[in-house]
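All values reported here derive from a predicted model rather than from experimental measurement. Both backbone and side-chain heavy atoms feed into the values below; hydrogens, waters and symmetry mates do not.
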Amino acid sequence: SFWNITGKPTKISVLNETGQAQVDISGAGAGFYFFSRAYNNWFFELSLSAIGGTQTEVKGVVSSDVEVETIVPLLLGLRYDIFANRFQGSLHPYLAGGGGPYWATSMTAENQFGNTISKETAQSSLDYGYYLGGGLNWVLTSWFAINLDIKRHFIEFEHGKDYSGTQLGLGFSFMWGRKQ
């Protein structure tokens, strides 16, 4: 999945004349998503994912700065399959919402090579938030589907950065049970 947790664009730039290089990866990650039928078109869903972003800048032989941010949400929610009982097609759109704890960490390191001066900081915080979203399961067989998902996360950490944002996901679904 992709979630721009750093608030900056993803880019890679190298300037050979000055010896500067910069790599910014805004937020990419992976996770596990489990859903189980509760009643008719309603499903319980549980997800655990980890999203990371990094900003690295090397200024020739003088210094380097590295910042790494991660966010780990553990979310419980409800999902509603819109057309599950009305159409037998292979495209199954759904709406979802839920919430839970979000754990965020941020680490920075600043190094000056000539003077061997380095400065490292680390921050970690845990707070609660919620999400709203939807998606589409493209069912290919009775037990396998491709999943496209979009979620808007709403998180307000007491101290620190606002990680609220949109998460885009692509995944696979494996299905089993009496009513798939």
Problem set entry | Minimal non-hydrogen separation, D149 against G134, with atom names |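 Closest heavy-atom pair between D149 and G134: OD1-O, 3.3 Å.
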For this session: Evaluate the side chain to side chain contact (heavy atoms under 4.5 Å, CB included) criterion for residues H92 and V139: first the C-alpha distance (whole Å), next the side-chain angles of each, then the deciding distance (0.1 Å), finally the verdict.
Result: CA-CA 8 Å; H92 297 254; V139 180; 3.4 Å; yes
Problem set entry | Ring-face cation contact, F154 with R152, 6.0 Å cut, 45° max |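 Cation-pi check for R152 and F154: passes.
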Exercise. Does any N or O in the side chain of S26 come within less than 3.5 Å of the main-chain N or O of K8, such that one atom is a donor and the other an acceptor?
Worked result: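 Between the backbone of K8 and the side chain of S26 there is a qualifying donor-acceptor contact (under 3.5 Å).
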Problem set entry | Side chain N41, main chain D81, donor-acceptor under 3.5 Å |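 It does hold such a pair.
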For this session: Could you walk me through whether S36 and F43 pass the side chain to side chain contact (heavy atoms under 4.5 Å, CB included) test, one step at a time?
Result: CA-CA 5 Å; S36 180; F43 292 81; 5.8 Å; no
Problem set entry | Side chain proximity check, H153 to W3, heavy atoms < 4.5 angstrom |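 Heavy-atom side-chain distance check passes, below 4.5 Å.
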Exercise. Who pairs with F2 by ring-ring contact (aromatic ring centres under 6.0 Å, His included), at least two apart in sequence or on another chain?
Worked result: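 In terms of ring-ring contact (aromatic ring centres under 6.0 Å, His included), with neighbours along the sequence ignored, F2 is linked to no residue.
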For this session: Mind running side chain to side chain contact (heavy atoms under 4.5 Å, CB included) on L46 and L74 for me, showing each step along the way?
Result: CA-CA 8 Å; L46 173 69; L74 175 60; 4.1 Å; yes
Problem set entry | Sidechain-backbone polar pair: S124 side chain, T105 backbone, donor-acceptor under 3.5 Å |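 No; judged by distance alone, with no hydrogens or angles, the pair does not exist.
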For this session: Drop me the distance from Y33's OH to S1's OG, to the nearest 0.5 angstrom.
Result: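 Result: 12.5 Å between the selected atoms.
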For this session: Could you go through the ring-ring contact (aromatic ring centres under 6.0 Å, His included) check for Y163 and Y102 one step at a time?
Result: CA-CA 10 Å; Y163 286 103; Y102 291 79; 9.4 Å; no
For this session: Return the minimal non-hydrogen interatomic distance between G100 and L75, and the atom names on each side.
Result: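 Smallest heavy-atom distance, with atoms named: N-CD2, 3.7 Å.
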Problem set entry | Under 3.5 Å donor-acceptor, D162 side chain and S164 backbone |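 It does hold such a pair.
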Exercise. According to the interplanar angle, ranging from 0 to 90°, do the rings of F174 and W143 count as parallel (below 30°), tilted (30 to 60°) or perpendicular (above 60°)?
Worked result: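 Rings of F174 and W143: parallel, as their planes differ by under 30°.
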For this session: Could you pull out all residues at least two apart from Y128 that satisfy ring-ring contact (aromatic ring centres under 6.0 Å, His included)?
Result: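 With neighbours one apart ignored, the set is empty.
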For this session: Go through the structure and list residues passing salt bridge (Lys or Arg N to Asp or Glu O under 4.0 Å) with E69, not counting sequence neighbours.
Result: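 Salt bridge (Lys or Arg N to Asp or Glu O under 4.0 Å) list for E69, sorted by chain: K161.
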